[in-house]
Amino acid sequence: MRIAVTGATGVLGQEAVTALVAAGHEVTGITRQDRGVPVVEGRGARSVVADVFDETAMTRVLRGHDVVINTLGHMPVGMTAMRPLAWREDDRLHAEASVAIAAGAARAGVRKLIQESTVYLYPDNGDEWIGEDKPLSVRNQAFRPRVQEMRAAVDFATGGRSAVILRLGQLFGRDPQSTYALRAVREGDPILLGKPSSYITLLHHRDAGRAFVAALQAGSGFYNVGGEPIRRERWAKDLGREAKADGPAKFFPEIAQTLVGTRLDVQRRSLRVSSLRFLGETGWRPTIGPSTPGWSHL
Ligand SMILES: NC(=O)c1ccc[n+]([C@@H]2O[C@H](COP(=O)([O-])OP(=O)(O)OC[C@H]3O[C@@H](n4cnc5c(N)ncnc54)[C@H](OP(=O)(O)O)[C@@H]3O)[C@@H](O)[C@H]2O)c1
C-alpha cells in the first residue's frame, strides 16, 4: 500500500516508518524541515517537506496514497510539563494540524486514516479493567485539542472511508521521556506520580510502530494499544533495574502530587487498560515489556 506518515521524524513516526517499510509498504514521511529529510530517508521512506497545518498542502501531498498515519505531537519533557504554556505546540498540532490532515486526506481521496491518541483520556478506574466503551474524562479545557482531533477522524470515516483511532499506552524505550526518567532514578530523584498500588499501561515504542502496521487491518473504531497493565510499584522496580540504580524509582510525595497541574495530573490515574479488542482484530501482540532487560536501548 502507499502510506503517508506525519510526524515521521518523531519517536512514534520513525518506528511506524521502519515497521511499514519492513512490511513491504511504499512509505512517504512528511516533515516540516529539511533536516528531517535524512531521518526519514534513513528509515527507507520517501520524504516530503510540507506544512501540516495547511489543508491545501496536505491535500496535494497526500494525493495518491491509500492510507495516512498521523503521529504528530510535541510533548514537553519532564517537569516543564507542569507549565500550561509548554503544551501550546502540542495543543496546536492536535487541534489544528490533525484537523487539516484529516480534511486534506479526505479531499485527496485517501481511504483510511490511522490516528494516534492516548489512554490518558480515560478517568481513574482503580483496579477495574478499561475497555474502549468506558466513558472518557475530557471535560477539562486541556483535553479539547484531543477531542477536536477525534472528531476530525470520526468525520473522515464517512463516504466509505475508515478511521482507526489508537489509544496508546504510556510510551517507554529510547525516547526523551524515558531517558529523563532513568536519569532521575539514577540520581535518586522522585519521578513517579500516582499511588504505588495503582495501574499503569505501558507500550514500548517498537511495539507502537508495529501497531500502526497491524492497524491497517482494523475496521473503523477506537482501539486501546498497550502491554499487560502493571501496578506502579512494579514499574518503579523495573525503572530502577533498567537505570542500574540502587533501588526502585521514587514516587513524589502526596502533597507535591496535588500541585502538578491538569496536564500531569492524568499520570496519577489508575489505568488498567485492556487491549483485547485490538489483539482480537489484528493479531498484534506486545513483544517488549518493562521487565525486558535493556528496553531503553532497543
Ligand atoms: N511519550 C508518551 O508516553 C506518549 C504516549 C502516547 C502517546 N504519545 C503521543 O504521541 C504523539 C507523538 O509523540 P512523539 O513522542 O513521537 O513526538 P515527537 O517525537 O516529539 O514529535 C513528533 C513529530 O511531530 C512533528 N512536530 C513537532 N512539533 C511540530 C510543529 N510545531 N509543527 C509541525 N510538526 C511538528 C515533528 O516532525 P518534524 O520536525 O519532522 O516536522 C516531530 O518529529 C504525541 O501526540 C504524544 O502525546 C506519547
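For clarity, every value in this text was computed on a predicted model and none was experimentally measured. All ligand and atom numbering here is 1-based and tracks the order in the structure. Computed over heavy atoms, backbone and side chain alike; hydrogens, waters and symmetry mates excluded.
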Aromatic rings F172 and W235: how do their planes relate, parallel, tilted or perpendicular, breaks at 30° and 60°?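 F172 vs W235 ring planes: perpendicular.
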
Part of [X] with heavy atoms under 4.0 Å of ligand 1, whether side chain, backbone, both or neither:
X	answer
R92	neither
Q14	neither
T71	backbone
L93	side chain

Strictly below 4.0 Å, N to O, side chains only: are [X] and [Y] in salt-bridge contact?
X	Y	value
D90	R146	no
D127	R231	yes
E128	K134	yes
D133	R277	yes
R272	E228	no
R151	D155	no
R210	E15	no

Spell out, as yes or no, whether a donor-acceptor pair under 3.5 Å connects the side chain of H65 to the backbone of L62.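 Yes; judged by distance alone, with no hydrogens or angles, the pair exists.
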
Examine distances only and state if a side-chain atom of H204 and a backbone atom of W295 form a donor-acceptor pair shorter than 3.5 Å.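 Here the side-chain-to-backbone pair exists.
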
Under a heavy-atom criterion of less than 4.0 Å, does [X] contact ligand 1?
X	result
G10	yes
R146	yes
F172	no

Any nitrogen or oxygen of [X], main chain or side chain, under 3.5 Å from a nitrogen or oxygen of ligand 1?
X	answer
E89	yes
G73	yes
H94	yes
L168	no
G7	no
I30	no
Q177	no
L72	yes

In the protein, which heavy atom is nearest to [atom], and how far is it?
atom	value
atom 46 (C) of ligand 1	M75 SD, 3.6 Å
atom 19 (O) of ligand 1	V11 N, 3.0 Å
atom 28 (N) of ligand 1	H74 ND1, 3.2 Å
atom 13 (O) of ligand 1	L12 CD1, 4.1 Å
atom 9 (C) of ligand 1	E116 OE2, 2.9 Å
atom 41 (O) of ligand 1	R32 N, 2.9 Å
atom 6 (C) of ligand 1	G169 O, 3.6 Å
atom 43 (O) of ligand 1	T9 OG1, 2.5 Å

[X] neighbourhood, listing ligand 1 atoms whose heavy-atom distance to it stays under 4.0 Å:
X	answer
V52	33 (C)
F53	32 (N)
Q33	39 (O)
T31	38 (P), 40 (O), 41 (O)

Pair Q217-T282, side-chain donor/acceptor within less than 3.5 Å: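 Result is no, nothing qualifies.
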
Is it the case that R232 places NZ or CZ above or below the six-membered ring of F251, under 6.0 angstrom from the centre and within 45 degrees of the axis?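 Relative to the ring axis of F251, which defines the angle, R232 lies outside at least one limit.
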
Nearest heavy-atom neighbours spanning [X] and [Y]:
X	Y	value
A16	F212	CB-CD1, 3.7 Å
V99	Q148	CG2-O, 4.1 Å
A106	R161	CB-CZ, 3.7 Å

Distance in Å, L93 CG paired with H74 NE2, rounded so as to fall on 0.5 Å steps: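 L93 atom CG to H74 atom NE2 measures 8.0 Å (nearest 0.5 Å).
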
